[in-house]
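To keep things clear, I will list the structure first and then write my remarks on it.
Predicted model only: the values in this text are computed from it and were never measured.
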Amino acid sequence: MLLFLLFLLVIFGAAGLWVHLKGLEHVLVHQRWVFVCLFLLPLSVVFDLYSYVRAWIVFQLHSAPKKHDDRVRNIQKQVRAWKEDGSRTQMCTARPGWLTMSLRVGKYKQTMRNISINLIDILDVDVKRQVVRVEPLATMGQITAALVPLGWTLPVLPELDDLTVGGLICGVGVETSSHHYGLFQQCCQAFELVLADGSLVRCTKDENPDLFYSVPWSHGTLGFLVAAEIKIVHAANFVRVEYKPCHTAAEVNKVFAEEVLKKGENDFVEGLMYNENQAVVMTANLTNQAEPGKVNSIGLYYKPWFFKHAESFLQTGPGVEYIPLRHYYHRHTRSIFWELQDIIPFGNNPLFRLLCGWMVPPKISLLKLTQGETIRQLYEKHHVIQDMLIPLDKLAEGLAVFHKELKLYPLWMCPLLLPTQPGMVHPPGDEDRMYVDIGAYGEPKTLDFSAGDTTRRLEEYVRSVDGFQMLYADCYMTREEFRQMFDHTLYDKLRVDLGCEKAFPEVYDKICKKNRH
């Protein structure tokens, strides 16, 4: 028995040494698919089913508007109670950090006064005014499920199902129609907020305009968003997608810019960069008719992941197909762009898609909740999730910088029109300007990658070309550098006028890396 125990000790000791040499973090992350497949995928299905059924019932019964006013009054009551208690700490929402779409969880929630905001419904679809009124925690998946069957849609509908209206307004949202309509918040016509004194205020371009233009990018630091009115446009049955493969860096830049700048053409424009020289540029237009044999319901669970499907046109040449509208809107959802391939390496295998594809994707919130400290640190050291907005005429230069710093592919390219409106984000000068979002998601292949140093170099480049960083991502800028990138003139004035300094932190104090983990 003693010899047997010694034998086990040697075996486990050798295994422990192997894990030590290989790295426990590496082993845990690369076997994470077992936990995800056995537990998180089924849980995600149950969560989605519950959310869909609940939202459908509430929308059909029109019960949300009746409860909305009571819920808003409850928020006002909580804010006034904070004032009566002496306003000792600043406020934030009580929504758990793991429920957000950001990779990180804010530390500030542990020390601030948490205000409960349970506003998750669609309140009204007004086809005469062509607006939909929604609560801040309504999601993109929820909104398309309600609007598309009615023949309506949003002008800018950011990709992932779980993105919320509040996050897209107070943060930012972009999609392949943004070269026509701008960012998500620029499609909004009114905001309703509970301010630091507990009052309820409505703002539009004509009513309280300073507040209206300051809410975007403010990250909940001017008040609590409780409702928004968003423009809606007519939907169509299909999107006609044209795939244009490019095989040199110069061709990528030329084709992408030409398609973005075509007047009156291309409802949607998108590019996927697969290496330093090759990309597929996709243009798309709404249509009610499809050519026989060319319909591709890419959103079906057994279909290939969209970014892999698009990549195939590099070998087969240009092509055209018709994708059902809602499938197009959420084409990257099943693979979480291409992030899921790092979690489930065989996720795009035809057999896995056939047997388990109907459960994909796992909820990002559940992935965050269950990742643990070891995996969190590994992601922080070896993983990048960044979206940088740079002028379209700097695209070639920007792609070269991303290649030098990250060597990470695919890269997402999404054009957007940035108007000269007041607020934190606008182009320099007095003219609207076309920008492009370069999205980098995954594990960089550069040998000298360092999360902090590399991101700071990217941030420095983006500032140098009058660009902007999406703030859901890790931000390593100093406060001074942050204020150089984002115009705080109107924001600072409103913070004073509305009494926000004691009530809410500044944007920088919520999004900087040191205040997230």
Discussion item. Salt bridge check, Lys205 against Glu229: does any charged N sit closer than 4.0 Å to a carboxylate O?
Written reply: no
Discussion item. Does atom OH (Tyr52) have a neighbourhood of more than 12 heavy atoms from anything else shown, all under 6.0 Å?
Written reply: no
Item to complete: For Asn114 and Lys109, indicate whether the former's side chain and the latter's backbone hold a donor-acceptor pair under 3.5 Å.
Response: yes
Worksheet item: Just by distance, with hydrogens left out, do Tyr472 and Asp387 show a side-chain donor and acceptor under 3.5 Å apart?
Response: yes
Item to complete: Mind listing the closest non-hydrogen atom pair of Cys37 and Phe352 along with its distance?
Response: SG-CE1, 4.1 Å
Worksheet item: Salt bridge between Glu251 and Lys254, side-chain N to carboxylate O under 4.0 Å?
Response: no
Practice prompt. Start with the C-alpha distance between Asp267 and Arg240, add both sets of side-chain angles, then the distance that settles salt bridge (charged side-chain N to carboxylate O under 4.0 Å, His left out), and finish with yes or no.
Written response: CA-CA 10 Å; Asp267 295 329; Arg240 182 184 185 274; over 6 Å; no
Discussion item. Between Lys445 and Glu443 (side chain of the first, backbone of the second, donor and acceptor by atom type, cut-off under 3.5 Å), is there such a pair?
Written reply: yes
Fill in: Interatomic spacing from CG in Leu286 to NE2 in His234 - rounded to 0.5 Å
11.5 Å
Discussion item. Salt bridge or not between Asp124 and Arg129? Use side-chain N to carboxylate O under 4.0 Å.
Written reply: no
Practice prompt. Measure up the Phe268 and Tyr329 rings against each other and bin them: parallel (under 30°), tilted (30 to 60°), perpendicular (over 60°).
Written response: perpendicular
Discussion item. For the backbone of Leu392 and the side chain of Arg433, can you confirm whether one donor and one acceptor N or O come within less than 3.5 Å of each other?
Written reply: no
Fill in: Shortest non-hydrogen contact between Ile438 and Gly398, atoms and distance
CD1-C, 4.1 Å
Worksheet item: So, Gln386 side chain and Asp474 main chain: donor-acceptor pair closer than 3.5 Å or not?
Response: yes
Fill in: Residues Arg331 and Glu270 bridged, charged N to O under 4.0 Å
yes
Worksheet item: Within the distance-only criterion (no hydrogens, no angle test), does the side chain of Gln142 pair as donor or acceptor with the backbone N or O of Ile120 below 3.5 angstrom?
Response: yes
Worksheet item: What class does the angle between the rings of Trp217 and Phe468 fall in, given that below 30° is parallel, 30 to 60° is tilted and above 60° is perpendicular?
Response: tilted
Worksheet item: Hey, does the side chain of Asn296 reach the backbone of Ile323 with a donor-acceptor pair shorter than 3.5 angstrom?
Response: no
Worksheet, complete the sentence: Distance col, row Ile230:CD1 vs Phe191:CZ, nearest 0.5 angstrom, shows 8.5 Å
Discussion item. Can you confirm whether more than 12 heavy atoms, excluding those of Lys231, are under 6.0 Å from its NZ atom?
Written reply: no
Practice prompt. To the nearest 0.5 Å, tell me how far Thr204 OG1 sits from Gln189 CD.
Written response: 9.5 Å
Response to the item:
For Leu163 and Pro158, the nearest pair of non-hydrogen atoms, with its separation, is CD1-CB, 3.7 Å
Practice prompt. Look up atom CG in Asp342 and atom OG in Ser335, then write down how far apart they are to the nearest 0.5 Å.
Written response: 11.5 Å
Item to complete: Check Leu418, Val156, Val269, Asp437 against Ser178 for a side chain to side chain contact (heavy atoms under 4.5 Å, CB included) and give me the one that passes.
Response: Val156
Discussion item. Looking at Gln315, I want to see if its CD is surrounded by more than 12 non-hydrogen atoms of other residues, nucleotides or ligands under 6.0 Å.
Written reply: yes
Item to complete: Step by step, work out the side chain to side chain donor-acceptor pair (under 3.5 Å) result for Glu339 and His383.
Response: CA-CA 10 Å; Glu339 288 276 57; His383 200 86; 2.9 Å; yes
Fill in: Pair Lys363 + Asp162, salt bridge at N-O below 4.0 Å
yes
Practice prompt. Mark yes when over 12 heavy atoms from residues, nucleotides or ligands other than Lys262 sit less than 6.0 Å from its NZ; otherwise mark no.
Written response: yes
Worksheet item: Looking at His327 versus Phe306, is the centre-to-centre ring distance below 6.0 Å?
Response: no
Worksheet item: Do Glu276 and His403 pass the side chain to side chain donor-acceptor pair (under 3.5 Å) test, and can you show the C-alpha distance, the side-chain angles, and the key distance before you say yes or no?
Response: CA-CA 7 Å; Glu276 189 178 7; His403 178 77; 3.3 Å; yes
Worksheet entry | Polar side-chain atom of Glu459 near backbone of Tyr476 as donor-acceptor pair, under 3.5 Å | yes
Discussion item. Would you say the rings of Trp33 and Phe346 are close, in the sense that their centroids are separated by under 6.0 Å?
Written reply: yes
Discussion item. Between Arg353 (side chain only) and Asn348 (backbone N and O only), is there a donor and an acceptor less than 3.5 Å apart?
Written reply: yes
Worksheet item: Between atom NE2 of His180 and atom SG of Cys187, what is the distance when rounded to the nearest 0.5 Å?
Response: 12.0 Å
Worksheet item: Is it the case that Tyr243 and Glu321 place a side-chain donor and acceptor less than 3.5 Å from each other?
Response: yes
Item to complete: Verify whether the ring centers belonging to Phe307 and Phe337 lie closer than 6.0 Å.
Response: no
Discussion item. For a quick check under 3.5 Å, do Gln186 and Tyr181 share a side-chain donor-acceptor pair by atom type?
Written reply: no
Practice prompt. Mark yes or no for whether Ser51, through its side chain, and Asp48, through its backbone, hold a donor-acceptor pair below 3.5 Å.
Written response: no
Worksheet item: When you measure from the side chain of Asn277 to the backbone N and O of His247, does any donor-acceptor pair fall under 3.5 Å?
Response: no
Item to complete: Kindly check if the number of other-residue, nucleotide or ligand heavy atoms within 6.0 Å of CZ (Phe313) is above 12?
Response: yes
Item to complete: Give, for atom OG of Ser177 and atom CG of Leu416, the distance between the pair rounded to the nearest 0.5 Å.
Response: 10.5 Å
